[in-house]
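Step one of this worksheet: look at the structure below.
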Amino acid sequence: MAAMGTSIQELQRGQILRMLHLGNSSEQQAWGGAQTFKALVYDKFCQDVIAPLYKIYGLRNQGVSVNVSLLADRGPMPDVPAVYFVEPTEANVKRIIEDITAGLYESYYINFASSVPRSLLQELARGTLKASAANKVAGVFDRYVSFVSLSPALFSLNMPDAYARIHSPKTSDEYIQRFISRLVDGLLSVLITTKSLPVIRCPASDPVAEMVARALDERIREMLRTGGAVAAELFAGGSSRGPDSAASGASGQRPLLCIFDRDLDLVTMLHHTWTYQAMAHDVLGMKLNKVTVQVDGNEEATAQSKSQTFYIDESDSFWAQHAGEPFPNVAAAVHEAIEEYNQRRADMTSSGQGDDPMGNLTAGLASAFSAIPEMTEKKRCLDMHTNIATALLNSIKARDLANLFEVEDQFASQSLGASISQMEQLLKEDSKGTTLDKTRALMVLYLTKPSISPGQLQGLLDALQKLGGDTYGVAYLRQLSSMKSMMMQSAAAASSASALSGASGPASLMNSIFSKGEGLLSAGFSSIQNVIQQKRELVICQVLESLMEQKPSALTENYIYLDPKAPPASPGVEVPRIRTPFRRSLAFMIGGGSYAEMQSVMEWAQAKGKQVTYGCTDLVSPEHFVNELCHLGRAQSRGGDDPDLS
């Protein structure tokens, strides 16, 4: 999205860095930049924004001596300035006023994650004046960073339960308006952070996606209309040309923002995964690039086991290289990396041999000392990935995840009868896999084979109920199919049932098994070597290709076109369109996204020579998405309680 391919994560990190340096472009201005000790006070959302960008030592390097929650009980630090980083809410403003009244800090730099409403600014001003402390408020800033960037081309708005909330029959119009406003704030933050003024496309058949697109279009227009050069600069990348320059208007420079609804493809959210990153999220519950696993024990997690938390991101070269690969390939890569490490360590300790032992020893010691930091980091990385891969392998064996993946993978290409037969085998009591695993498989079957008869489906539901499974999720999917055309669902299933792992082709067969005692992955590894997945393209990739290449398609014929840069068109008059292909795009999914879908989009973009940033309301695990569907089914059939929508 950004100029010269700069990652969205690096751009947001730069924005946070400027905030920690107290708003100045120069790191050495205002309180000495990183040289001045300061307190960082944040709310829960902004804590999650910072988490993937800066670890504790990274904050310390920027002069943050204390980082603490806004809601925590805090003692006074009258000689220390404070940087507040919060969402613009009434509760947060009230708490900030309380801190200022109590005189907790020397001075206050107040940073809001998104644009703060005038009413809250007025409330903040009244509170500081009442406390006779207006001179202590050093600045109030709209930072436009109201999103969580997890990798160079991935972001989330951190809005959980979005699918259930917007589809619940009990969701109020007032909540929908708040929801849309929050989405617009988040997307606007992404656009300003990446200095992008996009053309916006979304399906006209989806009311929420269209409302978000039109509200965002109007918000950008209003900013450009009333904000003058300052507002134009927000989208101009620091260029003096502004967003209306000829270069900015070229399709090769301006990106495309595609807003999708999760109903475009539900199968992706339910299918069992087979790539490293997707499995870390699906099986181990990775969140905010943090994963916790059991170590120093066996798969039963005995009393000798202990949990350990690992932070994994693009700074880890092994993760950056292998996150999107099938798990067997990753296990092999771990094994090869261990062998390489052991060989290098052996080479380092073999110094001193030859005609001049003392000379060789001296040179060897110097080389060994210089290599210690690199080798220490290498060992830490290998230990981490060995533990993560071991935890995944234990789950694969215990739940027979390889078989579940292959069975679901075959639904799209085999007959209905064969698919039902395989599903019946999975639903036997002695079949491996949790009840949730089997519920997911049944949902995938239903979405992949919409021609299944009510009688055939009911037989499978009865078998799932005998296992204690929740059938309300399937009931919701049936209700959904009766309310709207499932043509797009069928296309998504046929296109994506095998591409969900995000891999670029059949998994290569492993040539060797780890030698005994040299790797924790050896036991049971042969059972997953031969998992072969077919190559198909997700429906989101088909839609992106149609929109970015400007090619007519049945998938996109009802997509509306909005250009916040173009003059408003009269009713019934078509807005002038950019007709040449787009090189850059931002694909945003309302209702939850997944690592599997993101990986497939990235592979498609790389193959087509495009730059695509993937975003979503939240990265939702398959387990959580099943729970959302079951909640919706229960709410429709019983009028059950909805999740807290406050």
Distance from [X] atom [atom1] to [Y] atom [atom2], nearest 0.5 Å?
{"X": "Leu442", "Y": "Thr439", "atom1": "CG", "atom2": "OG1", "result": "7.5 Å"}
{"X": "Leu70", "Y": "Phe45", "atom1": "CG", "atom2": "CZ", "result": "15.0 Å"}
{"X": "Leu264", "Y": "Cys258", "atom1": "CG", "atom2": "SG", "result": "11.0 Å"}
{"X": "Cys616", "Y": "Tyr163", "atom1": "SG", "atom2": "OH", "result": "15.5 Å"}
{"X": "Lys38", "Y": "Asn67", "atom1": "NZ", "atom2": "CG", "result": "12.0 Å"}
{"X": "Leu187", "Y": "Ser146", "atom1": "CG", "atom2": "OG", "result": "10.0 Å"}

Hey, does [Y] have a side-chain heavy atom less than 4.5 Å from the side chain of [X]?
{"X": "Phe310", "Y": "Val293", "value": "yes"}
{"X": "Gln47", "Y": "Ser69", "value": "no"}
{"X": "Leu401", "Y": "Lys432", "value": "no"}
{"X": "Leu404", "Y": "Leu426", "value": "yes"}
{"X": "Asp48", "Y": "Lys44", "value": "yes"}
{"X": "Val543", "Y": "Phe260", "value": "yes"}
{"X": "Pro622", "Y": "Leu270", "value": "no"}
{"X": "Tyr311", "Y": "Asn289", "value": "no"}

On the 0 to 90° scale, with breaks at 30° and 60°, tag the Phe588-Phe155 ring pair as parallel, tilted or perpendicular. parallel

Verdict with reasoning, Arg18 to Asn111, per side chain to side chain donor-acceptor pair (under 3.5 Å): CA-CA 11 Å; Arg18 280 187 284 276; Asn111 300 269; over 6 Å; no

Given Thr309 and Val291, is the side chain to side chain contact (heavy atoms under 4.5 Å, CB included) satisfied, shown in steps? CA-CA 6 Å; Thr309 298; Val291 61; over 6 Å; no

Please lay out, stage by stage, how Asp161 and His624 fare under the test side chain to side chain donor-acceptor pair (under 3.5 Å). CA-CA 8 Å; Asp161 302 314; His624 191 90; 2.6 Å; yes

Between [X] and [Y], does any side-chain donor sit less than 3.5 Å from a side-chain acceptor?
{"X": "Asn387", "Y": "Thr390", "answer": "no"}
{"X": "Ser307", "Y": "Thr292", "answer": "no"}
{"X": "Gln12", "Y": "Ser149", "answer": "yes"}
{"X": "Gln414", "Y": "Gln422", "answer": "yes"}
{"X": "Asp265", "Y": "Thr268", "answer": "yes"}

Derivation and outcome, side chain to side chain donor-acceptor pair (under 3.5 Å), residues Gln599 and Thr275: CA-CA 9 Å; Gln599 289 167 0; Thr275 57; 2.7 Å; yes

Ring centres under 6.0 Å, that's the criterion: do Tyr276 and His322 meet it? no

Can you tell whether the side chains of Asp282 and Arg440 come within less than 4.0 Å, N to carboxylate O? yes

Hey, are Glu597 and Arg262 close enough for a salt bridge, meaning a charged N less than 4.0 Å from a carboxylate O? yes

Under the ring pair (Phe, Tyr, Trp, His ring centres under 6.0 Å) rule, what do Phe405 and His271 come out as? Steps first, then yes or no, please. CA-CA 7 Å; Phe405 173 79; His271 200 296; 5.5 Å; yes

Is a donor on one side and an acceptor on the other found under 3.5 Å between the side chain of [X] and the backbone of [Y]?
{"X": "Glu408", "Y": "His272", "result": "yes"}
{"X": "Ser431", "Y": "Leu427", "result": "no"}
{"X": "Arg60", "Y": "Val64", "result": "yes"}
{"X": "Lys610", "Y": "Phe582", "result": "yes"}
{"X": "Thr193", "Y": "Val145", "result": "no"}
{"X": "Asp43", "Y": "Glu87", "result": "yes"}
{"X": "Ser600", "Y": "Ala596", "result": "yes"}
{"X": "Lys608", "Y": "Glu545", "result": "no"}

Ignoring hydrogens, what is the shortest heavy-atom contact between [X] and [Y]? Give both atom names and the distance.
{"X": "Ser156", "Y": "Asp618", "answer": "OG-CA, 3.4 Å"}
{"X": "Tyr595", "Y": "Ala278", "answer": "CB-CA, 4.0 Å"}
{"X": "Val86", "Y": "Val41", "answer": "CG1-O, 4.4 Å"}
{"X": "Glu325", "Y": "Val330", "answer": "O-CG2, 3.8 Å"}
{"X": "Gly593", "Y": "Tyr614", "answer": "CA-OH, 3.2 Å"}
{"X": "Trp274", "Y": "Pro328", "answer": "NE1-CD, 3.6 Å"}

Before giving the answer on salt bridge (charged side-chain N to carboxylate O under 4.0 Å, His left out), spell out for Lys290 and Asp313 the whole-Å C-alpha distance, their side-chain angles and the decisive distance to 0.1 Å. CA-CA 9 Å; Lys290 181 171 66 174; Asp313 56 31; over 6 Å; no

Can you list the steps and then say if Phe327 with Leu393 is a side chain to side chain contact (heavy atoms under 4.5 Å, CB included)? CA-CA 9 Å; Phe327 177 73; Leu393 180 61; 4.2 Å; yes

Counting neighbours of CD on Gln606 that are heavy atoms of other residues, nucleotides or ligands and sit closer than 6.0 Å, is the number greater than 12? no

Go through His385 and Asp316 one step at a time and tell me if the side chain to side chain contact (heavy atoms under 4.5 Å, CB included) criterion holds. CA-CA 10 Å; His385 288 290; Asp316 177 348; 2.5 Å; yes

Begin from the C-alpha positions of Phe318 and Val334 and carry the test side chain to side chain contact (heavy atoms under 4.5 Å, CB included) through to its verdict. CA-CA 9 Å; Phe318 186 92; Val334 171; 3.5 Å; yes

